[in-house]
Amino acid sequence: MWGDRRAIGVGPRSASARAQTPIDFAVGAGVFLLTLAFVVAFVPTLFDPFTAAETASPLVSDRVAAGIAGDVLAASPAEPGVLSPACTVAFFESDESLATDAGCERVTESPADRFGVDGDVQVVIHALDEETPSENPSSIDVTTRHGTFGDVELSRSTDEAGATGGDDVAVSRRLVSIDGTQYRLTVRVW
């Protein structure tokens, strides 16, 4: 044993002491590149919730649509989407006396003011298959215990001349019912 000298690093190597194989290197490099690509792709989006939005947010239009269909115009909180005929007329006609008589709170207030939206808001109720709701809102006759209202146009916008129609618009939709007839409520926010 003492007399047996072996030179370190000299001579043929055994199979268990050889260097990294090309397959091991390829797998390691592939995992590294995939991890690097994931980090580069998703780290910039981590800070998106903290940046100011330059365009209309779908969350804002969705909040307005849910609030109008489920709270402002709803006949009952237990049935969101079933709209009160009197509150619906008061909202679209901006009829303060009807809103007071029907017990509809803050219905005549502008949708942008009601929901704290800085941009323009357009609310339209239209037929289910309507392709251009902002141009073709439904006009219906509504009978309530407060009277009959004929040819009520179910469109309201923060801009009296109609929505400004910029490039950046967020749209949300809800199915609603007025007197048992199904309609679609569309909210556009610029």
Side-chain angles (χ1 to χ4, degrees), residues 1-74 77-83 110-138 155-159 162-177 182-190:
M1 292 207 217
W2 286 99
D4 199 18
R5 294 190 174 182
R6 291 190 183 154
I8 298 176
V10 179
R13 293 188 166 192
S14 67
S16 63
R18 65 180 185 182
Q20 188 176 26
T21 62
I23 293 174
D24 293 339
F25 178 77
V27 169
V31 168
F32 173 76
L33 290 175
L34 285 174
T35 304
L36 182 65
F38 177 79
V39 169
V40 167
F42 290 106
V43 165
T45 60
L46 290 176
F47 301 106
D48 279 349
F50 306 108
T51 59
E54 306 251 341
T55 63
S57 171
L59 295 175
V60 174
S61 65
D62 195 52
R63 179 172 51 94
V64 173
I68 289 175
D71 182 34
V72 175
L73 301 181
E79 295 178 306
V82 177
L83 305 186
S110 165
D113 294 339
R114 164 83 184 205
F115 294 99
V117 178
D118 291 334
D120 290 332
V121 176
Q122 182 187 40
V123 179
V124 179
I125 295 179
H126 55 90
L128 295 174
D129 59 350
E130 182 60 50
E131 293 180 13
T132 55
S134 61
E135 297 171 9
N136 298 313
S138 293
S155 177
R156 184 169 177 189
S157 179
T158 56
D159 183 12
T164 57
D167 291 336
D168 300 321
V169 62
V171 179
S172 293
R173 294 182 174 95
R174 296 285 188 277
L175 287 177
V176 295
S177 172
Q182 292 266 330
Y183 295 97
R184 189 175 309 274
L185 176 126
T186 299
V187 174
R188 300 171 73 198
V189 177
W190 288 269

Using the side chain to side chain contact (heavy atoms under 4.5 Å, CB included) criterion, which residues pair with [X]? Sequence neighbours excluded.
X	value
Thr132	Glu130, Glu135, Asn136
Ala74	none
Phe38	Phe42
Pro111	Phe91, Val121, Val123, Arg156

Minimum heavy-atom separation for [X] to [Y], with atom names?
X	Y	value
Pro80	Pro77	CD-O, 3.7 Å
Tyr183	Ile125	CB-CG2, 3.5 Å
Val124	Pro133	CG1-O, 3.3 Å

Sequence neighbours excluded, which residues qualify as side chain to side chain donor-acceptor pair (under 3.5 Å) partners of [X]?
X	answer
Ser155	none
Ser138	none
Asp71	Arg114

Inset, instruction - Please check if atom CD1 in Ile23 has more than 12 non-hydrogen atoms from other residues, nucleotides or ligands closer than 6.0 Å. - result: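 No, CD1 of Ile23 has 12 or fewer neighbouring heavy atoms, counting only those of other groups under 6.0 Å.
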Would you list the atom pairs, donor with acceptor, under 3.5 Å between side chains in residues 62-70 and any protein atom, with sequence neighbours excluded?
unit_1, atom_1, unit_2, atom_2, d
Asp62, OD1, Arg174, NH1, 3.0
Asp62, OD1, Arg174, NH2, 2.7
Arg63, NH1, Phe115, O, 2.7
Arg63, NH2, Phe115, O, 3.2

Legend entry - Distance, nearest 0.5 Å, that separates OG of Ser177 from CG of Leu185: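 These two atoms lie 12.5 Å from each other.
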Legend entry - Distance in Å, Ser61 OG paired with Gln122 CD, rounded so as to fall on 0.5 Å steps: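 Interatomic distance, Ser61 OG to Gln122 CD, rounded to 0.5 Å: 12.5 Å.
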Legend entry - salt bridge (charged side-chain N to carboxylate O under 4.0 Å, His left out) partners for Arg184, two or more places apart: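 In terms of salt bridge (charged side-chain N to carboxylate O under 4.0 Å, His left out), with neighbours along the sequence ignored, Arg184 is linked to no residue.
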